[in-house]
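Structure first, then comments.
Lettering of chains follows the sequences in order, A, B, ..., and the numbering in each one begins at 1. Heavy-atom basis, side chains included; hydrogens, waters and symmetry copies ignored.
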Amino acid sequence: MAMIIEMAAVNKWYQSFHVLRDISLEVAQGERIVICGPSGSGKSTLIRCLNRLEEHQSGRIVVDGVELTGDVKKTAAVRREVGMVFQQFNLFPHLTILENCTLAPMQVKHMPQREAAALAMTFLERVRIPEQAQKYPAQLSGGQQQRVAIARALCMKPKIMLFDEPTSALDPEMVNEVLDTMVSLAQDGMTMLVVTHEMGFAREVATRVVFMDSGQIIEIQAPEPFFAAPQHERTKAFLGQLLR
Amino acid sequence: MNADVSRFVARDMAPARSPPVAAAGLWRWLRHNLFQNAASTFLTLTGLGFIALLAPPLWRFLVSDAVWHGGPSACVAASGACWTFIAQKLPFLTYGSYPEAQRWRVDVVVLAGFALIVWLLSPRLAHRNLAAGLFFVAFPVAALVLLHGAPALGLATIDTSLWGGIFVTLLLGLSGIVFSLPLGTALALARRSKLPLIRFAAALFIETVRGVPFITVLFLANFMLPLFVPVTWEPDRLLRPMIGTALFGAAYMAEVVRGGLQALPRGQTEAARALGLSPWASLRRVVLPQALTIVIPGIVNSFIGLFKDTTLVSIVGIFDFLGAAEAARADPKWQGPSIATTGYIFAALFYFCCCYAMSRWSQGLERRLRHGPET
Ligand SMILES: Nc1ncnc2c1ncn2[C@@H]1O[C@H](COP(=O)(O)OP(=O)(O)OP(=O)(O)O)[C@@H](O)[C@H]1O
Ligand SMILES: [Mg+2]
């Protein structure tokens, strides 16, 4: 099967701090990868390299056949295919929910306003908040805001979705509404890379689980063996902490 | 034990009740706002004392002893304000020596300018992008042509040495606003650029201009600008202080805008980039609308300062409103002990009204642009 993401021997430093060390990872179309690991292990940095919010200093990253090199056109091409959802939602507070969703299709794809609005409404319906379209982000609950953020990314019809701890900033009772949205996205065959500590989600939808520690990938496994029989001491320790 | 708990636990759903009516009334309001404790009582009484001290003489000077009718002779021995002087001189105070038959041109420009500002700053009105284009590009050009004249269009040329009064003050203020905001925004962005040379140039300009008094900038603009350009393009004598004002305002505006840019969470630009927006689109649609909204109070503060600073242009021979007031009171026809004071009070009222209006408007604007639940 063709690989939609290929990372080969990727290294990255923040000044002298070696944050990603020889990362190699291949993701097939339609896969759902869950990335977990202790705080500061480089999970966010890894997925942010995939749409070049962060640049890597050595190694190869190829996304949907385009290598990320720093070339502006290539970066733009990749960003068009890759949607991202952040821990802090990062909705645009000065725009309505609908405008949040139509901004990128109109600015990037030059879609007419009407068409963009219709598209946005279909995705807002998918995340089950079409009735909030005319409100502003601050008027919504955290869970609703995160679902809008998902809809906003989907409006660009991406082939890959990146999630960076999408539920960690949410109150417990709102976590599930966001996870449900992500599960249904997975069922539709979206390629997803999800940084999360929601192990229930990992068990339910992940095709593989990646465990990272100090900038390295320590272990890659299907969820069953990952939880039942982790190979490495550090994975065991981490899972022990998490599931306690 | 169980019986005890049942006293604290609700058994039925409590119906929603309306909030208690505040114990209203004048007495309560007074207590709450003026006489809450010893310190506030003291301040209230001191304030009342000052008002009692100042109000009667002010009333006498401005109203009861003031001269409301008649010509110059009525003011010769007046102990109150000489309002007939203001009434007589109002055209001069407004237009300077701009020829009477052509004054409609000034009216058109000033009205169009204000109409465009209202359009630009009212979130409820449509096509505000168009308004911005008109205000920042078309309006300055059209205003220049209309005010200065274009013989080809049948508009007589009117030399800027005849321009004066409130009109020149508004012109300096408006041009300061029109040019200093975009220029200041550009400088603020340049100061955060990734390229060290651009960053350095912007910082050098901002720090130099801010480190120098406005008068110095005016003198520099007046005497140095002509040295930098060929003689044939020598900038007009009114244009020079306008450029000086705009550059001076831009340096301050740059720092205000930079504050807004810094207050914006990094996630906003990251989200825009992740969605594929170009740097320009991200700036225009995500960064600037938010950064500028955050710093509206600072922007208006700068405008108010700039507007009042324009009175200094009389030093380089420009006949602004204050200059016109000075010239008017020197008129030998108008002799009287209160002429000068009347002129200054009128000038003070004018500046106060303009600045207060700007301040109130900015407060309203802030409220309207702040989205979401009140915090
Ligand atoms: N801009 C930066 N400059 C310097 N160091 C950074 C920067 N961003 C992140 N780091 C460091 O790099 C390391 C990895 O950061 P990263 O955000 O990728 O971790 P993470 O695995 O996502 O952690 P968390 O679970 O806390 O989000 C951390 O030690 C962090 O302090
Ligand atoms: Mg992280």
Can you tell me which portion of Arg48(A) sits under 4.5 Å from chain B's heavy atoms? Options are side chain, backbone, both or neither. side chain
Can you name the nearest heavy-atom pair linking Met253(B) to Ser302(B), along with the distance? CE-CB, 3.7 Å
What part of Phe86(A) is in contact with chain B, defined as an atom under 4.5 angstrom from a non-hydrogen atom: side chain, backbone, both or neither? side chain
Could you check Arg128(A) against Glu177(A) for salt bridge (charged side-chain N to carboxylate O under 4.0 Å, His left out), going step by step and ending with a plain yes or no? CA-CA 10 Å; Arg128(A) 301 194 317 278; Glu177(A) 64 185 61; over 6 Å; no
Heavy-atom contact with chain B under 4.5 Å, split by part of Gln107(A): side chain
Within the 3.5 Å criterion, strictly below it, is a donor on Glu54(A) or Thr45(A) matched to an acceptor on the partner's side chain? no
So for Val85(A), is it side chain, backbone, both, or neither that comes closer than 4.5 Å to the heavy atoms of chain B? neither
Between Lys109(A), Arg52(A), Gln87(A), Arg152(A), which shows the greatest number of heavy-atom pairs under 4.5 Å with chain B? Arg152(A)
Kindly state whether the ring of Phe303(B) and the ring of Phe307(B) have centres lying under 6.0 angstrom apart. no
Contact part of Leu162(A) toward chain B, heavy-atom cut-off under 4.5 Å: side chain, backbone, both or neither? neither
Might you work through the salt bridge (charged side-chain N to carboxylate O under 4.0 Å, His left out) test for Glu207(B) and Arg191(B), ending with a clear yes or no? CA-CA 11 Å; Glu207(B) 295 306 336; Arg191(B) 202 169 183 178; 3.2 Å; yes
